[in-house]
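Encoded as structure tokens, the structure appears first; notes follow it.
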2 protein chains.
Amino acid sequence: MSIVLSPQQALRLLSDVALDVVRDKGPQGHPDFTMRQLSVLLTIYLERPPHTVRGIAARLGVTKPVVTRALDSLGALELVTRRRDEVDRRNVIVQRTVKGALFVEQLGDLVVDKAKGLAP
Amino acid sequence: MSIVLSPQQALRLLSDVALDVVRDKGPQGHPDFTMRQLSVLLTIYLERPPHTVRGIAARLGVTKPVVTRALDSLGALELVTRRRDEVDRRNVIVQRTVKGALFVEQLGDLVVDKAKGLAP
DNA sequence: GCAGATTATTTCGTAGGCGTATTAAATTCT
DNA sequence: AGAATTTAATACGCCTACGAAATAATCTGC
């Protein structure tokens with residue numbers, strides 16, 4: 001229960017962040033991914049591994065093909081990698097990458113920075 | 001210069017918001033619009049009117065067809081309306097709607113709510 | 001009044017995402 | 001071992017969005 005902000009501040013923050021991402025001043029690269037892709041990416045980098053397609057789909061409340069395709073996109077940008085689970089070879093383990101970690105870190109910094117500049 | 005949060009908190013906040021939107025527990029309806037559409041929507045509701053296609057495109061750093069199409073989508077959801085500018089009939093004035101105002105308000109409340117629940 | 005500029009939209013061909021159903025591989029159950 | 005389950009990926013037809021270029025309407029400057 002720690003961060004208090006007004007609805008106006010919340011919207012301003014969201015808008016500022018979205019604007020920077022669209023303008024491609026945020027983390028470099030893809031200015032127009034969807035909320036789903038963002039959610040998949042952040043799940044992988046914020047939640048404790050291991051991450052399977054099944055698990056991510058369940059967490060997001062979407063079908064598995066949606067996750068597979070999101071991973072295709074994120075993989076093409078080298079923000080995540082896939083590896084077969086050697087213990088249960090049906091599973092795919094989704095792994096973080098250096099590039100992805102950097103991307104997420106920059107995204108976090110962007111939000112922090114925009115929050116700092118909010119009017120009261 | 002008022003809101004201070006850590007990178008971890010920032011990412012958690014972003015992730016929580018994205019997750020709720022994806023799960024469609026956010027503002028009712030459309031779970032998967034893009035950053036661009038979000039940015040167009042928030043520009044219209046947070047910046048001072050009047051809003052033209054040209055102005056929005058310049059602000060976002062995208063081409064005008066992108067804005068026209070985003071307005072088509074948002075218009076189909078009744079989140080914005082378009083009206084011809086009677087003073088200079090080349091211009092289109094983008095206007096807010098009751099439904100859009102409600103949507104944006106709920107989105108703000110969602111962010112506030114998620115921020116409240118952040119660990120320190 | 002007319003040439004040129006400006007605004008928004010439409011068109012065109014391309015790329016990517018969607019949901020549902022199906023497939024392929026691997027594991028579990030009996 | 002063989003049937004049923006589970007996992008991820010793929011196929012399919014549809015829809016939406018993209019960028020670049022063309023179009024239609026309107027305004028400005030001379």
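Just so it is clear: chains get the letters A, B, ... in the order the sequence lines come, proteins before strands, and each one is counted from 1.
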Within the structure provided, determine whether [X] and [Y] are in side-chain contact (heavy-atom separation under 4.5 Å).
| X | Y | value |
| --- | --- | --- |
| B:Thr97 | B:Phe103 | no |
| B:Ile93 | B:Arg84 | no |
| A:Val92 | A:Thr52 | no |

Using a cut-off of strictly less than 4.0 Å, decide whether [X] has a side-chain nitrogen or oxygen near OP1 or OP2 of [N].
| X | N | value |
| --- | --- | --- |
| B:Gln37 | D:dA17 | yes |
| A:Thr68 | D:dA8 | no |
| A:Asn91 | D:dT6 | no |

Item to check | Sub-4.0 Å heavy-atom contacts from residues 49-57 of chain A onto DNA chain C, ordered by number | outcome: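 Contacting residues: none.
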
Checklist outcome for this item: On DNA chain C, more 5' by nearest nucleotide between A:Asp72 and B:Ile93 is B:Ile93

Next on the checklist: Considering every strand and a 4.0 Å limit on heavy-atom distances, what is the contact class for A:Val67: base, sugar-phosphate, or nothing?
Outcome noted: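 The answer is nothing, as A:Val67 stays clear of every strand by at least 4.0 Å.
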
Item to check | B:Asp113: partners by side chain to side chain donor-acceptor pair (under 3.5 Å), with sequence neighbours left out | outcome: none

Item to check | Qualifying residues under side chain to side chain donor-acceptor pair (under 3.5 Å), relative to B:Arg89, sequence neighbours excluded | outcome: B:Glu86

Output the rounded distance in Å from [atom1] ([X]) to [atom2] ([N]).
| X | N | atom1 | atom2 | answer |
| --- | --- | --- | --- | --- |
| A:Met35 | C:dG17 | CE | C1' | 16 Å |
| B:Leu71 | D:dT16 | CG | C1' | 16 Å |
| B:Lys64 | D:dA22 | NZ | P | 16 Å |

Checklist entry - Once each nucleotide of nucleotides 20-30 of chain C is scored for protein heavy atoms under 4.0 Å, what B/S/- sequence comes out, 5' to 3'? => result BB----BS---

Checklist entry - Can you tell me if B:His51 uses its side chain to pair, donor with acceptor, with the backbone of B:Ile44 under 3.5 Å? => result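 At least one qualifying donor-acceptor pair exists.
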
Checklist entry - With sequence neighbours left out, which residue pairs that include part of residues 48-66 of chain B fulfil the salt bridge (Lys or Arg N to Asp or Glu O under 4.0 Å) condition? => result B:Glu47-B:Arg59

Checklist entry - Can you name the nearest heavy-atom pair linking A:Val112 to B:Ala10, along with the distance? => result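 So the minimum-distance heavy-atom pair works out to CG2-CB, 3.8 Å.
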
Anything under 3.5 Å between a donor and an acceptor, one on a side chain of residues 69-80 of chain A, the other on a protein residue two or more places apart or in another chain? List them.
unit_1: A:Asp72; atom_1: OD1; unit_2: A:Arg82; atom_2: NH1; d: 3.4
unit_1: A:Asp72; atom_1: OD1; unit_2: A:Arg82; atom_2: NH2; d: 2.4
unit_1: A:Ser73; atom_1: OG; unit_2: A:Gln37; atom_2: NE2; d: 3.3
unit_1: A:Ser73; atom_1: OG; unit_2: A:Arg69; atom_2: O; d: 3.1

